[in-house]
Amino acid sequence: MSLLKRNVLVLTLFLAGGLTCTSVAKSELANAEAANLPGHDIKPAMGKPVAVTAGTISADGSGLPQGSGTAGAGKTVYESRCAACHGIDGLQPGNQLVGGIGSLATNRPVKTVGSFWPYATTLFDYIARAMPYNEQKSLSADDTYAVTAYVLMLNGILDDEAVLNEKNLHTVSMPNRSGFVELVH
Amino acid sequence: MPDQIAGGGLLHRRGLLKATAAGVAGGFLLPAKATEDWMTHSGEAQNGYGSPSRFANLQREQLGGHPFGAEAGSSSTPLQDLNGSITPNSLHFERHHSGIPDIDPDKHRLTIFGEVEQNLQFSYEDLMAYPKESHIYFLECSGNSFRNALPTASDQTAGSLNGLLSCAEWTGVPLHYLLDEAGVNKKARWIIAEGADASGMSRSVPIDMALDNVLVALYQNGEPLRPAQGYPMRLFVPGSEGNISVKWLHRLKVQQTPAYTKDETSKYTDLLKDGTAEMFSLKMEVKSLITSPSGKMNLQRKGVYEISGLAWSGEGAIRKVEVSADGGRTWAEAALQNTSRPLALTRFRIPWRWVGQNVVLQSRAIDDRGNVQPSRASALARYSSGSFYHYNGIQSWQVSAEGVVKNVFA
């Protein structure tokens, strides 16, 4: 109902007779309070149809952009764009990407991409949206595949020459893939 | 003593105190001049946006940040300086992953797409036209109180230990109105929410939750959201870990599976002792703490104090809070305020007499589902030593014979 129509309705009710109108309004108010109803549910349908080309990348690889890269190519990108925070070998404390495989059930678990992350798609998605820090979204798709491959290579998950692309990234076998219990399905 | 209800000086809540209370207060009256300066001339003029008294020293505490800058860090609500249950907007806790974006609402869009009949885009002005609801909800970072899960007790304030916790009245559009308009396909199970900040924070929300009580929040305590809280719009998922209430919300992708984003896999998961980890542990558990007296305070006099604190549960309303002043040997029930509000902070209070005894003060909350706040030992037993999210163990404050209040593990 538009504001205008609502006002006309109120005016009409008002003109229809003061006493009746007041008692109706009071009883409606009482009912609304009793049921704890929101004030109204007039939804204006303002959404505009739109074509969508970008979105979150999922574990099945949906949403990945076209492109490809190898760990060999990724080494150059990593050393110039990532190593300052993550360390040349990915071992920088606090921002550690590498190591810890086999440590999760010990008293000193080390959670890294290699030891903990269940999906390689998550690594690509995160680099693409949030890295490098303060230069977010500046890497090309090819460079993002390459850096992803390099971090996986540092963890011993891929070799130097493996090519990652939008078709095979989701098939990378992560060591801790089966290490999670999902509380919501 | 006849007016005691439990050990360590806890008092009956009603009636038995008059003579003692008057006697104590009498010795502490400050000499007052006939006229103070502010009685003799006009004060400052009003201004455009208010600020607290210069005598009320209200500051959030900064809790570290990214090596490149404090903008990827957090600040905590000074719980020890506040009362009631609402957090002022300027003191709401903050946690940012790449700083606070400066978003022009005219250029911001919210897009709903994926497993829907029709992808839809909404402007800020569009959302203003929808029916809105206002609810008082707490927001707690799932890493709140993590220092109490470490091996050594830090000597810090209630706020710096437990202040990734706030409570506000959030006003916004029920998300299901927008999802209904787009037409969610029957096989859809998750909504992936993404922020428009540089980190593009993303979380997966179960569809049942998204269609229930989730808001696209536009206002906080009556004013438009602050930039630090997601202006112009944020997701608000009541009772759940704070990180899932994605700020600067600009995309909602409807799909059959979770996205398994960085935060919901590598960060906000809970490592168990066998090396496996729980994922999508979304609800924040029943919890409480005494905010006064609390860490770093000094009791300046002997006599009657009001012990006061906060209790909350991500599963419902608070039914009962018990307080102990003898390290957990005996407990007394505190008075509660606003118990009819589920998923909000509840203030509790109980009187206490301190005559110089060395005691440990504790509180224990019970929610209306029967969940009981665990001891620190029980809370720690749930997860591996490397896991510190969802810590909800009992907070212990030691009061020394000198009146110094300190965080301890008891």
Side-chain angles (χ1 to χ4, degrees), chain A residues 38-60 62-63 84-85 92 94-95 102-113 116-119 121-123 125-131 133-137 176 178-185, chain B residues 66-69 72 97-98 109 111-114 118-123 125-127 129-133 174 177-178 180-182 189 192 194 198-202 206 209 251 253 255 257-262 265-266 269 271-282 384-387:
Chain A
H40 65 101
D41 66 349
I42 307 302
K43 298 178 276 278
M46 302 293 278
K48 317 283 186 298
V50 65
V52 178
T53 55
T56 309
I57 293 157
S58 286
D60 63 2
S62 62
C85 287
Q92 183 71 37
N95 293 319
S103 72
L104 297 180
T106 70
N107 286 334
R108 306 198 63 171
V110 178
K111 298 198 284 184
T112 72
V113 172
F116 195 64
W117 293 35
Y119 298 103
T121 47
T122 305
L123 179 58
D125 178 69
Y126 185 63
I127 295 169
R129 69 173 59 247
M131 290 289 127
Y133 191 78
N134 269 346
E135 296 170 351
Q136 288 91 344
K137 303 170 185 74
N176 195 41
S178 60
F180 291 86
V181 181
E182 296 191 19
L183 301 185
V184 178
H185 295 277
Chain B
H66 190 275
F68 276 14
H97 294 76
S98 291
R109 296 290 181 273
T111 306
I112 298 179
F113 65 109
Q118 172 71 67
N119 298 335
L120 290 179
Q121 198 166 72
F122 301 85
S123 69
E125 282 306 309
D126 288 339
L127 293 188
Y130 283 77
K132 291 168 211 65
E133 293 182 8
Y177 290 171
L178 309 180
D180 288 349
E181 190 173 326
R189 290 290 172 271
I192 320 305
E194 180 185 304
S199 79
M201 250 296 305
S202 294
M209 207 180 260
R251 284 187 188 135
K253 186 180 182 192
Q255 57 183 46
T257 61
Y260 299 103
T261 67
K262 185 269 283 180
T265 56
S266 74
T269 46
L271 193 62
L272 305 172
K273 289 185 167 45
D274 68 359
T276 62
E278 292 181 347
M279 189 185 281
F280 305 121
S281 48
L282 304 179
S384 159
S385 60
S387 197

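Keep in mind the model is a prediction, meaning the values are calculated, not measured. Below, read A as the first sequence line, B as the second, and so on, with proteins coming before strands; counting in each chain starts at 1.
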Gap separating the OG1 atom of Thr56(A) from the CZ atom of Phe113(B), nearest 0.5 angstrom: 6.0 Å
Pairs of heavy atoms under 4.5 Å with chain B: top-ranked of Ala130(A), Ala45(A), Ala59(A): Ala45(A)
If you apply the rule side chain to side chain contact (heavy atoms under 4.5 Å, CB included), what do you find for Asp126(B) with Lys48(A), and how did you get there? CA-CA 10 Å; Asp126(B) 288 339; Lys48(A) 317 283 186 298; 3.1 Å; yes
Using non-hydrogen atoms only, which part of Tyr130(B) is less than 4.5 Å away from chain A: side chain, backbone, both, or neither? both
What's the separation between atom NZ in Lys273(B) and atom CG in Asn107(A), rounded to the nearest 0.5 Å? 9.0 Å
To the nearest 0.5 angstrom, please state how far the OG atom of Ser58(A) sits from the NZ atom of Lys253(B). 4.5 Å
How many angstroms lie between CD1 in Ile192(B) and CD1 in Ile57(A), if you round to the nearest 0.5 Å? 12.5 Å
Ranking Val52(A), Thr112(A), Val113(A), Thr106(A) by heavy-atom pairs under 4.5 Å to chain B gives rank one to Val52(A)
Phe180(A), part contacting chain B, at a heavy-atom distance under 4.5 Å: both
Which atoms form the tightest heavy-atom contact between Ala72(B) and Tyr133(A), and what is the distance? CB-OH, 3.1 Å
Heavy-atom pair with the smallest gap, counting every atom of Pro49(A) and Leu120(B): N-CD2, 3.9 Å
Once rounded to the nearest 0.5 Å, what's the spacing between atom CZ of Arg108(A) and atom OG of Ser384(B)? 12.0 Å
Of the listed Ser178(A), Ala128(A), Ala105(A), the one with the largest count of heavy-atom pairs under 4.5 Å with chain B is Ala105(A)
Between the side chain of Glu181(B) and the main-chain N/O of Met46(A), is any donor-acceptor distance below 3.5 Å? yes
Answer with side chain, backbone, both or neither: which region of Ala182(B) has an atom nearer than 4.5 Å to a non-hydrogen atom of chain A? neither
Between Asp180(B) and Lys43(A), is there a side-chain N and carboxylate O pair less than 4.0 Å apart? no
With a 4.5 angstrom heavy-atom cut-off, which part of Lys111(A) approaches chain B: side chain, backbone, both or neither? side chain
Can you tell me which portion of Arg189(B) sits under 4.5 Å from chain A's heavy atoms? Options are side chain, backbone, both or neither. neither
Which atoms of Gln121(B) approach chain A - backbone, side chain, both or neither, heavy atom under 4.5 Å: both
Interatomic distance, CZ@Phe116(A) vs OG1@Thr269(B), rounded to 0.5 Å, equals 3.5 Å
Would you name the heavy atoms of Val50(A) and Gln118(B) that are closest together and state the gap between them? N-NE2, 4.2 Å
Can you tell which part of Pro44(A) gets under 4.5 Å to a heavy atom of chain B, answering side chain, backbone, both or neither? both
Main-chain N/O of Trp117(A) paired with Ser266(B) side-chain donor or acceptor, under 3.5 Å: no
Report the C-alpha separation of Arg129(A) and Lys262(B) in whole Å, then their side-chain angles, then the decisive distance to 0.1 Å, and conclude whether the side chain to side chain contact (heavy atoms under 4.5 Å, CB included) test is met. CA-CA 11 Å; Arg129(A) 69 173 59 247; Lys262(B) 185 269 283 180; over 6 Å; no
